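Structure first, then comments.
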Amino acid sequence: MEYDFRKIEKDWQKKWKESNAYKVANDFSKPKCYVLDMFPYPSGAGLHVGHPLGYIASDIYSRYKRLKGFNVLHPMGFDSFGLPAEQYALDTGQHPAETTKKNIATFKSQLDNIGFCYDWEREVQTSDPNYYKWTQWIFLQLFNSYFDKKENKAKPIADLIKTFETEGNLAARSSQLTAFSADEWKQFDEKQKADILMNHRLAFCGYGEVNWCEALGTVLANDEVVNGVSERGGHPVVKKTLRQWYLRITDYADRLLEGLNTVDFSDAMKEMQSNWIGKSSGAEIEFGVKSQESGAKLRVYTTRPDTIFGVDFMVIAPEYELVEEITTKEQQKAVEEYITYVKSRSERERMAEKKISGVFTGAYAKNPFNGREIPIWISEYVLAGYGTGAIMAVPCGDERDLKFAKHFNIPVTNIIGTHFNGEEANPTKDAILENSGFLDGLVMREALEIAINKIEELGIGKRKVNYKMRDAAFSRQRYWGEPFPITWEDGIAKEWTGELPLVLPEVEKYGPGPDGQGPLANIPEWVAQELETNTMPGYAGSSWYFLRYMDNKNEKEFCSRAASDYWNQVDLYIGGTEHAVGHLLYSRMWTKVLYDLGYIGFDEPFKRLVNQGMIQGSSRFVYRVICKAMNNDGEGIEYNDIFLSKAFADKREKMESGNNEWNEILDLITHKLSIVFPKKNFQAKGFTIIPQHVDVNIVDGFELDIEAFRKLKPEFNNAEFIYEDGKYICGSEVEKMSKSKFNTVNPDDLVAKYGADTFRMYEMFLGPVEMSKPWDTKGIEGVHRFLKKFWRLFADETKGLIINDEEPTAAELKVLHNAIRKIEQDTERFSFNTGVSGFMIVTNELTDLKCHKRKILEPLLILLAPYAPHIAAELWSLLGNATAVLDAAYPTFEEKYVKESSKAYPVAINGKTRTELTIALDATQQQVEELVLTDETVKKWLDGKQPKKIIYVKNKMINIVI
RNA sequence: GCCCCGGUGGUGGAAUUGGUAGACACGCAGGACUUAAAAUCCUGUGACCCGCAACGGUCGUAACGGUUCAACUCCGUUCCGGGGCACCA
C-alpha cells in the first residue's frame, strides 16, 4: 500500500468539489474569520511558484481556523483590468476580455491543482460588468461627496451646497479657496458653481502631467519609460499636461496616519505609509523678488523657519509658475535650455540624480528680515508638487543645499557656529544661532516657534502643516479599465444618468485617441453622448474587492450591510510589500469614505497584515560566442553557434586581445571549428561573448542538459559546446521571476512530479513567509521523503494498514503533545517553515518508537490536515472515519504529558559554555551555586580561584564569572 | 538620491523575550540491503589546532567598533543584496 499521491490528490479534489466542501455560508451564528490574499493580476505567463507562497500560507491558516471552529471566508478572485492585456491587444488585435478570460482559466486550474480551499462561488473579477458596476457606483459616491474639515469626515456634496446657499463659503478665508457669501453663491452661474464644487469633491477633475510620447501618440506608464525614451521603440518622451481625475486622499492624510495605530501591520509597513504621507509642520514664507515691480512674491515652504538667516539661495522647480516672469534677459537662454533638458526627465530620475544641475534665473529674492539679496536658482531636485515648488536653501544645515552651493560657488553663511565645519552640513536643532538677527543666541529648537510667530506677526507668511502625499491621480488614457459614469456638458462634469454599469464599449482598435485621449475617444457614439473618455486606473477595482467577496451575488448593493457587519474587517491579509503605499493606502481611504457615508461599520479594512516575501527567479545563462575565423586560402567566416562554459566566460573581464586568456579561448574555438568544418582549417581570429538567458527548467543546478537544450531550440541543433570538467556549466543571477528571463518555474510541473501536498509543504519549508529568496527546487525531495515516511507510520507496502488500538506510552504521548504545542504555536505566529520541521521531527521520533497507534496518529493527522490536506484526508478515511477531516476538532495540548522536573543547564564560564549540568527546575540560587562548584569541569576552569559571581537564570542557563 | 527590509555552514534555513549558534532539511562522503538500479535504512558533515582519545582548545552569525556577566539578537559606522518612490500590478 504505497503513497500514491497522484491518485489520492485527484480523488480528493474531485470529492471536495462534488460535496461543495469549501462552500462558505453567511452563517451569522458562528464566529467568523476572514482570511484574504491580495488577488493576482492574471498575466499571460500563468502562475509561477512565487504566487502561491502567500496563498499556501493563508490556506493553511484558513483550514487551521476552520478546525478551530470558525466560519472562515477565504476567497479568491482576479484583478483583471490592466495594462499588459491592453498591450497584448495592441500587438495582436485580440480583445483584452478574451485573453483575460483565457488567463483566468489557466490561473484557476493552476490554483485548483494545489488544493486550495476557495469557495469559487464567491469569486470576483474586476473587469466583470457585474463587479465594476459597483466600482462605478462607489466612484459616484466619491464624486458626490466632500470632506468636511470640521467633522473630519466625508459628507454628501448636497450638504455643502446647502451650506453655500445659507452661509456662503466663509470657511474658505483661511484656505486658498475663494471666499464668497450666500448671496454671491446664488448669483453664480451653473459653470461657476460646478467649478467651485469641483474644488471640494472627493473625486475631482484637474490637470496633471503625464509621460507623453509623441511618436506613439500615447501616454506611457513610468515603467514604460527608460532613460527618457519609450521602452518600446526608444522614442522621446516629454511631460504633457492633460485633464485628469483625482481622489482627494490628502484630506484623509491625518486619518490614514491615525488609523495606523489601530491595525496590526509591521512597524516597517507603518513607517513606509507614514513616510509616504509625510506630515511635517513649518511655515510658508513669502519673499519679495527684487527685479519685480509687479510685486511678484516667491512663496517657499520650510520646516525650519529658524534658519531663515542662513538662506544663501532659493531653488524653484523648473515648472514653477514664476519662472518666465522673473528670469532676466541675460539668463533667458540658459534657463530655456535647462527647462528643455528637465522636460525629458522623469520624476524618478530627477530625484535619484546624484549629479548636481541647475541654472541661475538672474533674479534675486529679498530676505524679509535683513533685506539681504538672495539669488534664485532653478534645479530639477525641487519638484513642483512638493510644498510650494520652491525652497529656501540653507547650505550649512542641509547636505543637498551645501553640495549645490559648492558646485555653483555660492558663498555659505554659517549660522550655527562650531556645529558647522564647512565640509558637512549639520541638520541639528540644538545649535545656538549666530548671524541670525533677532534670533541670535537662541537654541534653534526654541527659535523655531519664535521665528514662526514673528513671520505671522509681520504678515509675511504663516504656520503650515504640509503633506508630502499628493492627491491620487485616478484616470488613465487607456481602454482596458472601468469607464467613468460621467458626462461632460458645456465643460461641466455630471453624473451619467443611465443605469449602471456603464459598459465598456467594443472598439475596433486599441490605439490612442486624438490629443492624447484614450481609445474611447475614437468611438463616435461614445463621444456623441459626451461621455468621459478616460478610464479608471488599475487600483480602482482593488480598492474595495474585499467587500464584494462578502456578498458577491448582490444585485442591489455593493455588499449588504448585514454581510459586512458580520464578516467585518479582514482578520488576516497577505500580500507583498510592493503594495505598501499604493493599494494599501487607496483601499484604506475608500473604506473610510464608505464608513463616513454610512455604508459599512468599520473604517479600517485590514486588521492584520502579513507581508509575504518575493520569490525571485534564479536565472541561468549560456555564453554564446560570436567568432570570426579565416583559413590560409583567405576564406573568412563569422560563426556563432559555439557556447562557452561558465569558467571560460568568467575570464572575459581579464581578456585582452593577444593575452593568455584570449589565446586559450581562440584555441578552443579553432578546435571546435575544425569539428564543424572538418577540411577547412579555419583559425579563429576574434570573438565576442554574449550571455543569453536559458530556460532554468533544462538546467540541473548549474549544469545544462544539452539534449534538452537542442530539443527546445532546434536552431542550435548543430551547436558546439566548450565544456569544463566534461560539463557545460551555466552562469546565474537573481532577478525578478518573469517569462522574458526564462526563469519561471510552473507549480503544475512540481505538482505533477511530487504532488500538491509536497509542493505546499516545500514552499513553506523554504523559509519564513515574509522573507524574499530566489527559488530553488533542490530540496523538494526531502519534503517528499518526509510525506512518504509519514505515510509509513500508517501503512506498509505489503501489509497495508498497520494501525493498532493499543494504549500509548508516556513517551509517545510526550512526543505527540510536544508536536501539538509546537505546530499550533508555529501556525498561529505564521512560522510555517518551523511548523513543517516540527512535523518532520515528530515523524522521525514516532518512527524510532515504532509507534503505529491510532490514539497518537489520529490527532497528528488533524494537525497535518491544513498543511497537506490530501494525504490527511486519505489516511483519515482509511482509518475508518466517516466525517471529513476538514471539520475535525483540533487536538488540545495538555501540559501534563510533557512536564519535566529537571533540565540540562548549559554552564558557561565567562559567557562561554563549557559543560552541562542537569538540575531540578525548582532549584534555588544557593543550591545551584553549591552544585555547580562541585563539578569537575567548573573546578578545572576555576583553577582554585573564587568565582566573582554566579548567574543563574531559571530554565535558561548558568554563567560563572571569574 | 530618499524611505523600508535583509545578510548565519557547500545550500535553504533554526535559535519565539539578550541566555547552549547551526534545529529540520538539501547536498556531499562512507556503509547496509539488492544480480543491479530505484526506494529505504545507518554513520559522519562550520573552519582550524592538539591528540591515543575528546564529553580538549581556538575562531566563527557581511565588516569594524561599542553596551553587557552574556550579543545572530541592542547601539553606532561601513559594505553588499532586495522592495518602493505616485500611470506595472
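Bear in mind that the values here come from a model prediction, so they are computed numbers and not experimental data.
Comparing A/A221 and A/R785 by the nucleotide of RNA chain B that holds the closest heavy atom to each, the one mapping nearer the 5' end is A/R785.
The six-membered or imidazole ring of A/Y762 lies near that of A/W775, with a centre-to-centre distance under 6.0 Å. Note: A/Y867 and A/F839 meet the aromatic proximity criterion, with ring centroids under 6.0 Å apart. Between A/F81 and A/Y132, the ring centre distance stays below 6.0 Å.
In this structure, B/A38 makes no Watson-Crick or G-U wobble pair, since no nucleotide meets both defining distances under 3.5 angstrom. Nucleotide B/C85 forms a pair with B/G1, judged by Watson-Crick or G-U wobble geometry with both contacts under 3.5 Å. Applying the Watson-Crick and G-U wobble criteria (two distances, each under 3.5 Å), B/A25 pairs with B/U11. Across all strands shown, B/A47 is found opposite B/U58 as a Watson-Crick or G-U wobble partner, with both distances under 3.5 Å.
Side-chain proximity of A/T577 to B/G57, B/G83, B/C87: nearest is B/G83. For A/M771, the side-chain atoms get nearest to B/G6 when compared with the rest of B/C26, B/G6, B/G12. Residue A/S837 has its side chain nearest to B/C24 when only B/U40, B/C4, B/C24 are considered. Picking from B/G84, B/C87, B/C24 the nucleotide with the shortest atom distance to the side chain of A/N211 gives B/C87. Which of B/C24, B/A89, B/C5 sits closest to the side chain of A/F765 comes down to B/C24. When distances run from any side-chain atom of A/I951 to the nucleotides B/G83, B/A14, B/C69, the shortest one goes to B/C69. Residue A/K940 has its side chain nearest to B/G57 when only B/G57, B/C24, B/C4 are considered.
Of the side-chain N and O atoms in A/S772, none sit less than 4.0 angstrom from OP1 or OP2 of B/G7. Neither OP1 nor OP2 of B/C2 sits under 4.0 Å from any side-chain N or O of A/R400. At the phosphate of B/C41, OP1 or OP2 sits under 4.0 Å from a side-chain N or O atom of A/R792. Here A/R829 does not reach the OP1 or OP2 of B/U16: none of its side-chain N or O atoms lies under 4.0 Å away. For A/N833 and B/A14, the shortest distance from a side-chain N or O to OP1 or OP2 is below 4.0 Å. The shortest distance between the side-chain N/O atoms of A/R914 and the OP1/OP2 oxygens of B/G57 is below 4.0 Å. The side chain of A/W245 contributes no N or O atom lying less than 4.0 Å from OP1 or OP2 of B/C87. A close approach under 4.0 Å does not occur between any side-chain nitrogen or oxygen of A/N611 and OP1 or OP2 of B/C4.
Whole-Å rounding puts the A/Y762 OH to B/G13 C1' distance at 11 Å.
Side chains of A/T135 and A/W544: a donor-acceptor N/O pair is present below 3.5 angstrom, by distance only.
Here the options are A/R243, A/Q517, A/Q244, the test is side-chain hydrogen bond (donor to acceptor under 3.5 Å, both in side chains), and the partner is A/Q477; only A/Q244 passes.
Among the protein residues, A/E578 comes within range of the nucleic acid bases, having at least one heavy atom under 4.0 Å from a base atom. Looking at heavy-atom distances under 4.0 Å, A/M38 makes no contact with the nucleic acid at all. A/K789 comes within 4.0 angstrom of the backbone, heavy atoms only, and of no base. Using a 4.0 Å heavy-atom criterion, one finds that A/E781 contacts no nucleic acid atom at all. Residue contacts for A/A904: at a heavy-atom cut-off of 4.0 Å it reaches a base atom on one of the strands shown. Using a 4.0 Å heavy-atom distance criterion, A/T913 is classed as a sugar-phosphate-only contact. Among the protein residues, A/H583 comes within range of no part of the nucleic acid, since none of its heavy atoms lies under 4.0 Å from any strand. When heavy atoms are screened at a 4.0 angstrom cut-off, A/K468 is found touching base atoms of the nucleic acid. Backbone-only engagement by A/P768 is indicated by non-hydrogen atom pairs under 4.0 Å involving sugar-phosphate atoms exclusively. Residue contacts for A/D79: at a heavy-atom cut-off of 4.0 Å it reaches the sugar-phosphate backbone alone, with no base atom in range. Nucleic acid contact for A/V219: base, since at least one base atom lies under 4.0 Å from a heavy atom of the residue. At a threshold of 4.0 angstrom between heavy atoms, the contacts of A/W775 with the nucleic acid are absent. Within 4.0 Å of A/Q616, counting heavy atoms only, lie sugar-phosphate atoms of the nucleic acid but no base atom. Using a 4.0 Å heavy-atom distance criterion, A/Q244 is classed as a base contact.
B/G44 has its base anti relative to the sugar, with a glycosidic angle deviating from 0 by more than 90°.
More than 12 non-hydrogen atoms from other residues, nucleotides or ligands lie less than 6.0 angstrom from CZ of A/F39. More than 12 heavy-atom neighbours from other residues, nucleotides or ligands sit within 6.0 angstrom of CG on A/D91.
With hydrogens and angles disregarded, a donor-acceptor distance shorter than 3.5 Å links the side chain of A/N103 to the backbone of A/P42.
Between the C1' atoms of B/G9 and B/C4, the separation comes to 29 Å (whole Å). Separation of the P atoms belonging to B/C87 and B/C2 is 23 Å when rounded to the nearest angstrom. Annotation: B/U67 and B/G56 have their P atoms spaced 32 Å apart (nearest Å).
Side chain A/Q477 to base B/C87: a donor-acceptor pair is found below 3.5 Å. Taking 3.5 Å as the limit, the base of B/C3 and the side chain of A/N275 contain no donor-acceptor pair of atoms between them.
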